[in-house]
Amino acid sequence: GTYQIEKLKTVKDLIGAANGLMKTAYLHRAEMVRTYANFRQELIPIDVKKAMENDPVHNLPLQSLDALRIYTLDEVLGGPNTVTIEGRSKITGVMPLYINLSLYELVLHNVGLTDSLFRKSVFLDRADLIRKNLDNQSTRIVPFDLQALFERKEGDTLMLPGDRVIIYPNDAVGFNTSSVEIYGKVKRPAVYPLSQSMSLVDLLLQAGGYTEDASVFMAEVTRVGQATLGEDSLVHVLFTELPDLFDTTRAKIDILNSSTAKRFLLRNRDKVFIRPNPDYYQPRGVIIRGQVKFSGTYMLSKRNERLSDLIGRAGGVSPDGYARGIRVIRDGISLRLNAELAIDDPEGRDDIILQTNDEIVVPFKPNTVQVTGEVQNPGTYGFLSGEDTDFYLNRAGGVTDSADFVLVTYPEGYVFRANTGVFSGSPEIYDGSRIHVVKIPPPPPPDPINPNEESFFDSWKDILALLSSTITVLVLAKNL
């Protein structure tokens, strides 16, 4: 580690601060790397044994940034004096190499073959000893029969420094791990180990049973077959009846034991699918608030419940409420519809089918019409039934010289366009409508290259006007 030099004076002090030397320390050579102010470094050899004996030549005074490196016996003398055991063994890792340690002793005390249950998980026919060659760099594999060694039927060998022993699990060869899968409307869909004589009922129990929207009429099972498949077939598709665990009139154990699924035995890599019940209905809620008799949250009572149905269940629109201004908000978006027509014409175009989490807002009657844009006196005016657009534009002082056209927004959100002037239309205005007079857009900017040149369109317009005038004159002259 790193230590504060203020509390240490010599190499011996530094070793003492590090809790002393380990038994595996090499005492006759250590290295001090000293860094000077100009960042140059010097390597100073130290005899650790002499430093610990207070020899002033080796027990050097410390300086800031000094780094002391003490080697192990293995690093210096060419070890390591250890062996390693890996794989399917109860005890794994690096272990000291004792004198006369044999392969049998290593296996006996570490692998755990005396445990009959653990032994079943070990591949007994082969294990490997990885041993260094004479060049001390490359290695060779020495396979051995693990069971024969354990039973003393195969020759033993002494362990050498750096030896590695690898014990393999039983599933390292062959297909010893069989499994089945279950998907769909079960509580824990997953891959499960295949046990001997495992039935579909066994798998259903491990998967936690059905979810409440499951169809318990039939299960579909796909099975991989090594034979009897047609030219275009990939798997066998099988069907089997399921136990009706939703039946409350019988004991669950009787339902399971009498089920066809209990006699349906699974095979490796079977895939079981539990389909959803097409007739299952999850209760759905909508909210209605505002000017109705009973506002609040309602559960939809049927699949195709409509807007008019729910308004009726809520007691209808109150006398102060405004049916035409009702908004239906779905996923944060206000739907464009006329709820007044929906109420008057059930199942008509505007009587939409409601969905989960729809919000219905019934406002007060506004009794106003808003006029904005290019009028002399924009503002909010009192609503008078039966009046049209021109009536409210006149009340606003008429349109300005910059007026182009009129946009009328009805309370349900529909927008209509009307012209101004001689050929103007004047749609009827309903309570809560908005009239907006749009300004004439500014003329396009002149051509930066030829600012005085007329546009192609304007030129042709003038030419056509001239031709029209000429033809008119010629026709009049001929008639004369």
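Being a predicted model, the structure only gives us computed values, none of them experimental. Below, each value reflects all heavy atoms present in this structure, side chains not excepted, and no hydrogens, waters or symmetry copies. One is the number of the first residue; the rest follow in order along the sequence.
- To the nearest 0.5 Å, atom CG of residue L300 and atom CZ of residue R306 are 12.5 Å apart.
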For side-chain hydrogen bond (donor to acceptor under 3.5 Å, both in side chains), just list the numbers for S258 and R250, CA-CA rounded to whole Å, side-chain angles, deciding distance to a tenth of an Å, and then say yes or no. CA-CA 11 Å; S258 62; R250 301 167 58 198; 3.0 Å; yes
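- Atom CG of residue L14 and atom CE of residue M32 lie 7.0 Å apart, to the nearest 0.5 angstrom.
- Looking at H236, its side chain never comes within 3.5 Å of a backbone N or O of R223 through a donor-acceptor pair.
- You'll find the side chain of I141 reaches within 4.5 Å of the side chain of P143, heavy atoms only.
- A 4.5 Å side-chain heavy-atom check between F405 and L407 finds at least one atom pair inside the cut-off.
- Two residues are said to be in side-chain contact when any heavy atoms from C-beta on lie closer than 4.5 Å; D404 and P441 meet this criterion.
- Heavy atoms from other residues, nucleotides or ligands lying under 6.0 Å from CG of N133 number more than 12.
- The environment of R330 atom CZ is dense: over 12 non-hydrogen atoms of other residues, nucleotides or ligands sit within 6.0 angstrom.
- Between E31 and R29, at least one side-chain nitrogen of the basic residue sits less than 4.0 Å from a carboxylate oxygen of the acidic one, meeting the salt-bridge criterion.
- Atom CG of L238 and atom CZ of R267 lie 8.5 Å apart (nearest 0.5 Å).
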E359 vs V286, test: side chain to side chain contact (heavy atoms under 4.5 Å, CB included). Steps then yes/no. CA-CA 6 Å; E359 184 177 359; V286 295; over 6 Å; no
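- The closest side-chain heavy-atom distance from D47 to D55 is not below 4.5 Å.
- Crowding of M299 atom CE: a count of heavy atoms from other residues, nucleotides or ligands under 6.0 Å exceeding 12.
- For the atom pair S89 OG and F118 CZ, the distance stands at 6.0 Å (nearest 0.5 Å).
- With respect to E412 and R336, no salt bridge is recorded, no charged nitrogen being found less than 4.0 Å from a carboxylate O.
- Classification of E53 and K12 as a salt-bridged pair fails, no side-chain N sitting under 4.0 Å from a carboxylate O.
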Test side-chain hydrogen bond (donor to acceptor under 3.5 Å, both in side chains) on T10 and N59; report intermediate values, then the result. CA-CA 6 Å; T10 64; N59 190 26; 3.2 Å; yes
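- With V165 as the partner, the side-chain contact (heavy atoms from CB on, under 4.5 Å) test is satisfied by one option alone out of I130, L129, L146: L129.
- In plain terms, the two heavy atoms of R34 and Q63 that are nearest each other are NH1-NE2, 3.4 Å.
- Residues K302 and D309 are paired through a salt bridge, judged by an N-O separation under 4.0 Å between the basic side chain and the carboxylate.
- Between Y322 and F364, the distance from one ring center to the other does not fall under 6.0 angstrom.
- A donor-acceptor contact shorter than 3.5 Å is absent between the side chain of D163 and the backbone of R131.
- Here the closest non-hydrogen pair linking L8 and D13 is CD2-O, 3.7 Å.
- Between the D156 side chain and the Y104 main chain, a donor and an acceptor come within less than 3.5 Å of each other.
- Between the D358 side chain and the Q355 main chain, a donor and an acceptor come within less than 3.5 Å of each other.
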Should F239 and V221 be marked as a side chain to side chain contact (heavy atoms under 4.5 Å, CB included) after you check the CA-CA gap, both sets of side-chain angles, and the distance that decides it? CA-CA 6 Å; F239 295 92; V221 182; over 6 Å; no
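- For E105 (side chain) and L101 (main-chain N/O), no donor-acceptor pair under 3.5 Å exists by modelled atom type.
- In this structure the side chain of T222 reaches within 4.5 angstrom of the side chain of F273, judged on heavy atoms.
- Heavy-atom neighbours of F39 CZ from other residues, nucleotides or ligands within 6.0 Å: at or below the threshold of 12.
- Between the side chain of N110 and the backbone N or O of L106, at least one donor-acceptor pair lies under 3.5 Å.
- No more than 12 heavy atoms of other residues, nucleotides or ligands sit less than 6.0 Å from atom CZ of F217.
- Nearest heavy atoms, L242 versus A219: CD2-CB, 3.6 Å.
- Heavy atoms from other residues, nucleotides or ligands lying under 6.0 Å from CD of Q4 number 12 at most.
- The backbone N or O of D202 lies less than 3.5 Å from a partner atom in the side chain of S199, making a donor-acceptor pair.
- The local environment of CG in N19 is sparse, with at most 12 non-hydrogen atoms from other residues, nucleotides or ligands closer than 6.0 Å.
- Between T380 and Q370, the side chains place no donor N or O within less than 3.5 Å of an acceptor N or O (distance only, hydrogens not considered).
- Contact check for D66 versus V33: no side-chain heavy atoms found under the 4.5 Å cut-off.
- Formation of a donor-acceptor pair under 3.5 Å by the D351 side chain with backbone atoms of L307 is found in this model.
- Between V11 and A51, the shortest heavy-atom distance links the atoms CG1-CB, 4.3 Å.
- Taken from NZ in K90 to NE2 in H109, the straight-line distance is 14.5 Å, to the nearest 0.5 Å.
- Minimum interatomic distance between V292 and A314 (heavy atoms only, all atoms of both residues): CB-O, 3.9 Å.
- A donor and an acceptor atom, one from each side chain of E42 and Y36, are located under 3.5 Å apart.
- One N or O on the side chain of D350 and one on the backbone of N338 form a donor-acceptor pair closer than 3.5 Å.
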Report the C-alpha distance between E86 and T92 in whole Å, list the side-chain angles of each, state the deciding distance to 0.1 Å, and finish with yes or no for side-chain hydrogen bond (donor to acceptor under 3.5 Å, both in side chains). CA-CA 5 Å; E86 307 171 12; T92 59; over 6 Å; no
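- Closest approach of S295 and R289 over heavy atoms only: CB-CA, 3.8 Å.
- With salt bridges taken as basic N to acidic carboxylate O contacts below 4.0 Å, one links K271 and E181.
- Taking NZ of K132 as the start and CG of L160 as the end, the distance is 11.0 Å to the nearest 0.5 Å.
- Proximity of a side-chain donor or acceptor of R188 to a complementary backbone N or O of Q206 within less than 3.5 Å is detected.
- Residues L21 and V48 form a side-chain contact, since some pair of their non-hydrogen atoms from C-beta on lies under 4.5 Å apart.
- Environment of CZ in R40: sparse, with no more than 12 heavy atoms of neighbouring residues, nucleotides or ligands closer than 6.0 Å.
- Contact check for K262 versus N257: side-chain heavy atoms found under the 4.5 Å cut-off.
- The cationic atom of R88 (NZ for Lys, CZ for Arg) does not lie both less than 6.0 Å from the six-membered ring centre of Y168 and within 45° of the ring axis.
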Worked verdict on T372 versus V437 for side chain to side chain contact (heavy atoms under 4.5 Å, CB included): CA-CA 6 Å; T372 61; V437 182; over 6 Å; no
Show your reasoning for whether side chain to side chain contact (heavy atoms under 4.5 Å, CB included) applies to Y26 and I70. CA-CA 7 Å; Y26 182 69; I70 298 177; over 6 Å; no
